[in-house]
K.L.:
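Once you've had a glance at the structure underneath, I'll fire off some questions.
Basis for what follows: all heavy atoms, side chains included, without hydrogens, waters or symmetry-related copies. Being a predicted model, the structure only gives us computed values, none of them experimental. All chains are named by letter (A, B, ...) in the order of the sequence lines, taking the proteins before the strands, and each is independently numbered beginning at 1.
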Number of protein chains: 2
Amino acid sequence: MTRRSFHHESEDARRQALVAATLECIVDFGLQGATVRQIADRAGVTAGLIRHYFAGKDNLFQAAYREVVETMFDTAQRSADEHQGDPLARLSVFVLANFKPPVIDQRMLALWATFIAQTGVDPALAGIHREGYISYRETIEHLVKDAMEAAGKASTPEDRRAQAIAINGVIDGLWLEGCMAADMFSDGELGRIALLAVERLTGLTLPIEDPHFLKKD
Amino acid sequence: MTRRSFHHESEDARRQALVAATLECIVDFGLQGATVRQIADRAGVTAGLIRHYFAGKDNLFQAAYREVVETMFDTAQRSADEHQGDPLARLSVFVLANFKPPVIDQRMLALWATFIAQTGVDPALAGIHREGYISYRETIEHLVKDAMEAAGKASTPEDRRAQAIAINGVIDGLWLEGCMAADMFSDGELGRIALLAVERLTGLTLPIEDPHFLKKD
DNA sequence: AATTGGATTATACACTTGAATAATTGCAAA
DNA sequence: TTTGCAATTATTCAAGTGTATAATCCAATT
């Protein structure tokens with residue numbers, strides 16, 4: 001029996017590769033199929049190596065969830081950051097970013113749902129989720145505040161809190177719909193619906209910078 | 001070795017008991033912990049019996065998901081049916097029903113997320129989901145149409161489609177928020193936010209029949 | 001060139017998994 | 001009371017589980 005050849009990797013690269021393999025396995029085989037052997041196989045290493053980088057399977061899964069949360073959050077966040085100085089555009093692109101890949105993606109939904117489901121079992125996952133949720137809502141609240149001020153509209157903190165909660169809800173809910181049943185919506189439809197909803201919820205009029213969401217007629 | 005005593009049950013009762021035990025196990029132990037032995041144990045029978053009622057574990061899980069979908073849908077549906085003849089009240093109570101138990105419930109979220117996650121792996125589950133989703137959205141669209149007409153507001157089918165999508169999104173998203181972080185919201189707050197959102201999305205003014213959601217001040 | 005130490009593999013282990021089968025039980029009809 | 005049969009249990013099986021441990025490889029250091 002000849003021994004398998006291998007080469008060393010930097011610690012970061014290996015960890016990230018294992019996390020990536022974990023996510024792929026969850027998408028392809030579900031939580032049940034995402035076993036250490038399956039994951040190791042996907043990453044091109046042997047199962048034992050996982051224990052060298054992570055204290056256990058739970059630990060690996062937590063790292064994987066962190067990556068998912070960051071991907072979803074950072075995508076929208078970065079979109080907004082491209083429009084410094086224009087609060088209305090910032091709010092608009094932030095909302096719309098949630099309705100393009102990589103955020104809107106059936107695989108992303110599978111990952112998200114898998115981890116949300118585990119939230120009740122692994123408190124560490126619950127913590128990661130909550131942290132991300134709070135950041136997200138604070139970001140929305142901040143965006144709304146700036147947008148309202150830019151439009152010269154008065155609003156109380158209570159208003160903004162309720163608006164942020166509602167906007168977060170619309171985004172989440174429509175994102176769900178889009179991931180689950182992409183074929184039921186025309187191109188850019190969900191983004192436009194989301195933006196319209198945000199306009200009605202806030203009373204603002206928002207610009208559409210992204211040609212992908214422009215209504216064609 | 002004495003043999004365990006048992007008594008016969010009607011087929012329906014047994015199947016339902018097994019389904020109930022399945023849901024309990026998923027909530028308590030997650031998908032990984034919901035093994036045939038755990039489930040059988042919870043139901044007070046032996047593992048082998050499951051195979052007598054269901055072709056396999058997959059089959060049992062599909063039945064369990066059907067029950068979840070029905071519970072969530074029927075609760076809101078039945079609330080609306082209590083207000084025959086008053087379209088505005090029907091829409092209102094339908095929306096609000098999603099923010100009371102048993103619909104808003106951390107356990108319900110755990111179940112929902114678990115099955116959604118499996119949707120990508122088991123096409124049968126995907127079918128069950130889609131069926132429920134379509135029914136739900138059609139119901140909303142119908143409720144909105146009647147409410148608009150009762151209020152004497154004109155609306156095109158395209159408007160109603162977009163409104164139904166958005167309303168469905170708000171309900172789903174806020175429901176998620178409420179299940180995941182009940183402690184971050186005051187009593188009845190989410191329901192009020194949802195109703196306000198629906199009002200803004202439709203331009204309607206909706207009555208609050210349910211004292212649970214009346215704002216106290 | 002020899003040595004060292006961490007990265008990686010291979011193997012082993014104790015246990016759990018879903019499923020299959022055979023043996024029993026309890027009930028209902030005769 | 002007996003008999004028949006479906007419902008239920010007990011047992012078994014092969015495959016797969018996460019983890020532990022020891023053997024090996026590679027790269028950098030000396």
K.L.:
Excluding sequence neighbours, so at least two apart, what forms side-chain hydrogen bond (donor to acceptor under 3.5 Å, both in side chains) with B:Asp172?
P.N.:
none
K.L.:
Which heavy atom in B:Leu206 sits nearest to a heavy atom in B:Val198, and how many Å separate them?
P.N.:
CD1-CG1, 3.9 Å
K.L.:
Send over the distance from B:Glu9 CD to C:dG26 P, rounded to a whole Å.
P.N.:
14 Å
K.L.:
Under 3.5 Å between N/O atoms: give me all the protein pairs with nucleotides 27-30 of chain C, atom names plus distance.
P.N.:
none

K.L.:
Measuring from A:Thr35:OG1 to B:Gln32:CD, what's the distance to the nearest 0.5 Å?
P.N.:
10.0 Å
K.L.:
For B:Arg161, give me all partners under side-chain hydrogen bond (donor to acceptor under 3.5 Å, both in side chains), at least two apart in sequence or on another chain.
P.N.:
A:Glu189
K.L.:
Please give me the minimum heavy-atom distance between A:Phe99 and A:Ile171, naming the atom from each residue.
P.N.:
CZ-O, 3.9 Å
K.L.:
Could you give the CZ-to-P distance, from A:Phe54 to C:dT8, as a whole number of Å?
P.N.:
12 Å
K.L.:
Closer than 4.0 Å, any side-chain N/O of A:His52 to the OP1 or OP2 of C:dT8?
P.N.:
no
K.L.:
Using atom CZ of B:Arg15 as one end and atom P of D:dT8 as the other, report the distance to the nearest whole Å.
P.N.:
13 Å
K.L.:
Taking the six-membered ring for Trp, are the ring centroids of B:Tyr136 and B:Phe94 within less than 6.0 Å of each other?
P.N.:
yes
K.L.:
When you check the phosphate oxygens OP1 and OP2 of C:dT8, does a side-chain N or O of A:Tyr53 lie under 4.0 Å from one of them?
P.N.:
yes
K.L.:
Can you name the residues that form a side-chain hydrogen bond (donor to acceptor under 3.5 Å, both in side chains) with B:His83, not counting sequence neighbours?
P.N.:
none
K.L.:
Test of understanding: with side-chain hydrogen bond (donor to acceptor under 3.5 Å, both in side chains), list the residues that count as partners of B:Asp12, not counting sequence neighbours.
P.N.:
none
K.L.:
Would you say B:Arg4 reaches D:dT9's phosphate, i.e. side-chain N/O to OP1/OP2 under 4.0 Å?
P.N.:
yes
K.L.:
Strictly under 3.5 Å: I want the nitrogen or oxygen pairs between protein and nucleotides 14-20 of chain C, one per line.
P.N.:
from   : atom 1 : to      : atom 2 : distance (Å)
C:dG18 : OP1    : B:Lys57 : NZ     : 2.5
C:dG18 : OP2    : B:Val36 : N      : 2.9
C:dG18 : N7     : B:Arg37 : NH1    : 2.8
C:dG18 : O6     : B:Arg37 : NH2    : 2.8
C:dA19 : OP2    : B:Lys57 : N      : 3.3
C:dA20 : OP2    : B:Arg51 : NH1    : 2.4
C:dA20 : OP2    : B:Arg51 : NH2    : 2.4

